[in-house]
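Structure first, commentary second.
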Amino acid sequence: MKYFAGIDIGSTAIKISIADENKDLIGHKISASGSMFYKYAHETLDALLNELGLIKEDIVYTVATGYGRKIFKEANENISEITANAIGARAAAREHGQIKTIINIGGQDSKAISLDDEGSVVNFAMNDRCAAGTGKFLDACAMNLEIGVEELGNKHFESTGTPLSINSTCAVFAESEIIGLLGNEHSVEDIVCGVHYSIAKRIVKLVKRVGVKEGIYFDGGPALNAGLVNAIENELGKKIFIPRYPQITTSYGAAIIGIDSYHYENKL
């Protein structure tokens with residue numbers, strides 16, 4: 001059996017997926033990017049191979065993607081994360097149905113991607129100018145509220161009031177708003193709910209720029225936050241599909257691209 005690696009080097013996390021010749025995901029691993037992307041990418045790959053009982057020679061083709069894709073010199077090719085995300089989303093959701101719209105929230109940016117019936121990217125919009133509406137913003141909010149980021153989802157559903165309005169489009173000013181709301185004795189739960197809806201409104205604007213089409217898929221680490229998912233669904237008025245492993249969609253897509261590239265190069 002031949003194996004293929006997809007390596008997504010993001011601004012905050014390194015995600016690696018290994019797929020077999022049948023394009024099935026057989027393993028994945030996530031680690032913090034830190035300041036030494038190249039070193040940590042290799043360490044993460046070595047750890048994953050060890051867990052799977054594989055050696056480097058078992059990997060016949062590697063595709064790198066993401067913010068630091070050009071740093072990983074050993075990759076056979078590097079590709080845009082937009083393309084890898086689209087391919088990974090369709091594969092991860094193949095039992096769910098056709099995916100036409102992808103929402104991706106990463107550590108430092110957010111994206112909306114529109115696909116055609118064949119799964120090709122026809123349009124996309126990105127917000128990478130400000131941390132507001134990203135995973136970093138959620139981390140900062142949790143820190144200001146003195147709770148763990150993993151607690152945000154539950155706090156959202158414990159809110160008993162109307163979601164508080166957080167209007168600033170700048171993450172720094174939004175954090176100041178949150179501190180002000182705490183000072184005015186608003187509950188943590190209501191503030192969390194307000195944060196989620198403020199992010200949801202920004203995401204819906206991105207999605208509307210590319211066109212809202214049924215078959216909506218949400219990935220990236222923040223997709224694990226059920227409260228944020230709820231807010232986006234309410235703002236869109238549509239249900240969203242969350243994959244089992246939302247953080248690794250792009251690395252899985254890169255591995256699948258590697259399979260196709262390997263077969264093409266070797267005329268298989």
Side-chain angles (χ1 to χ4, degrees), residues 9-15 30-37 40 66-68 103-112 125-209 216 218-238 240 242 246-247:
I9 303 177
S11 58
T12 59
I14 293 165
K15 290 81 66 177
I30 302 167
S31 67
S33 295
S35 57
M36 294 180 285
F37 297 93
Y40 295 146
Y67 175 82
I103 297 168
N104 172 274
I105 301 180
Q108 294 186 346
D109 63 26
S110 50
K111 308 179 191 75
M126 179 186 297
N127 171 29
D128 59 358
R129 294 183 179 181
C130 179
T134 68
K136 281 278 191 183
F137 181 50
L138 286 168
D139 290 342
C141 292
M143 183 179 67
N144 285 324
L145 295 170
E146 298 183 351
I147 61 175
V149 70
E150 70 281 356
E151 297 179 69
L152 292 172
N154 288 337
K155 294 291 185 187
H156 174 96
F157 293 106
E158 291 168 4
S159 173
T160 57
T162 302
L164 296 170
S165 178
I166 297 171
N167 297 313
S168 295
T169 56
C170 169
V172 175
F173 293 142
E175 286 183 54
S176 297
E177 281 192 75
I178 291 166
I179 293 168
L181 290 170
L182 279 172
N184 287 323
E185 300 185 349
H186 288 285
S187 72
V188 168
E189 292 79 8
D190 288 351
I191 294 172
V192 167
C193 196
V195 166
H196 288 156
Y197 273 95
S198 74
I199 293 173
K201 285 177 170 57
R202 294 185 182 96
I203 294 301
V204 169
K205 285 180 182 178
L206 273 183
V207 174
K208 286 183 176 178
R209 280 169 56 187
I216 303 170
F218 179 19
D219 65 12
L224 294 168
N225 180 333
L228 179 58
V229 174
N230 174 258
I232 294 173
E233 287 184 334
N234 287 340
E235 287 294 312
L236 269 176
K238 298 180 184 296
I240 297 172
I242 312 295
Q247 293 153 295

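The closest side-chain heavy-atom distance from T12 to D139 is not below 4.5 Å. In this structure the side chain of P246 reaches within 4.5 angstrom of the side chain of L224, judged on heavy atoms. Annotation: side chain of C141 is in contact with side chain of I178 (closest heavy-atom distance under 4.5 Å). The closest side-chain heavy-atom distance from N225 to I199 is not below 4.5 Å. Annotation: side chain of N144 is not in contact with side chain of I191 (no heavy-atom distance under 4.5 Å). Between K155 and S159 the shortest side-chain heavy-atom distance does not fall below 4.5 Å. Under the 4.5 Å side-chain criterion, counting only non-hydrogen atoms from C-beta, V207 is not in contact with I232. Contact annotation: the side chain of L145 never approaches that of V195 to less than 4.5 Å [non-hydrogen atoms, C-beta and beyond].
When all heavy atoms are compared, the tightest approach of S33 to A13 is OG-N, 2.9 Å. In this structure, G106 and N104 approach most closely via the heavy-atom pair N-OD1, 3.8 Å. In terms of heavy atoms, A125 sits closest to L206 at CB-CD2, 3.7 Å. In terms of heavy atoms, E235 sits closest to A200 at CG-CB, 3.8 Å. Between I166 and G194, the shortest heavy-atom contact is CD1-C, 3.8 Å.
More than 12 non-hydrogen atoms from other residues, nucleotides or ligands lie less than 6.0 angstrom from CD of E150. Few gaps surround CZ on F37; more than 12 heavy atoms of other groups in view lie less than 6.0 Å from it.
Within the model, atoms CG of L164 and NE2 of H186 stand 5.5 Å from one another, a figure rounded to the nearest 0.5 Å. Separation of atoms CD1 (I30) and CD (Q247) is listed at 3.5 Å; rounding is to 0.5 Å. How far CD1 of I203 is from CD1 of I240: 9.5 Å, rounded to the nearest 0.5 Å. In this structure, CG in D190 is found 11.0 Å from CG in L182, a value given to the nearest 0.5 Å. Taking CD of E151 as the reference point, atom CD of E146 lies at 11.5 Å (rounded to 0.5 Å). The CG atom of L181 sits 10.0 Å away from atom OG of S187, with the distance rounded to the nearest 0.5 Å.
Of the possible polar contacts, none joining the K111 side chain to the D109 backbone as a donor-acceptor pair under 3.5 Å is found. Using a distance-only test at 3.5 Å, with no hydrogens or angles considered, no donor-acceptor pair links the side chain of S110 to the main chain of T134.
With sequence neighbours left out, the ring pair (Phe, Tyr, Trp, His ring centres under 6.0 Å) criterion links Y40 to no other residue.
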Begin from the C-alpha positions of H196 and L138 and carry the test side-chain contact (heavy atoms from CB on, under 4.5 Å) through to its verdict. CA-CA 9 Å; H196 288 156; L138 286 168; 4.0 Å; yes

When you look at L228 and F218, which way does the side-chain contact (heavy atoms from CB on, under 4.5 Å) test go after all the steps? CA-CA 11 Å; L228 179 58; F218 179 19; 4.1 Å; yes

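Aromatic ring pairs are classed by plane angle as parallel below 30°, tilted from 30° to 60° and perpendicular above 60°; the pair H156 and Y197 is parallel.
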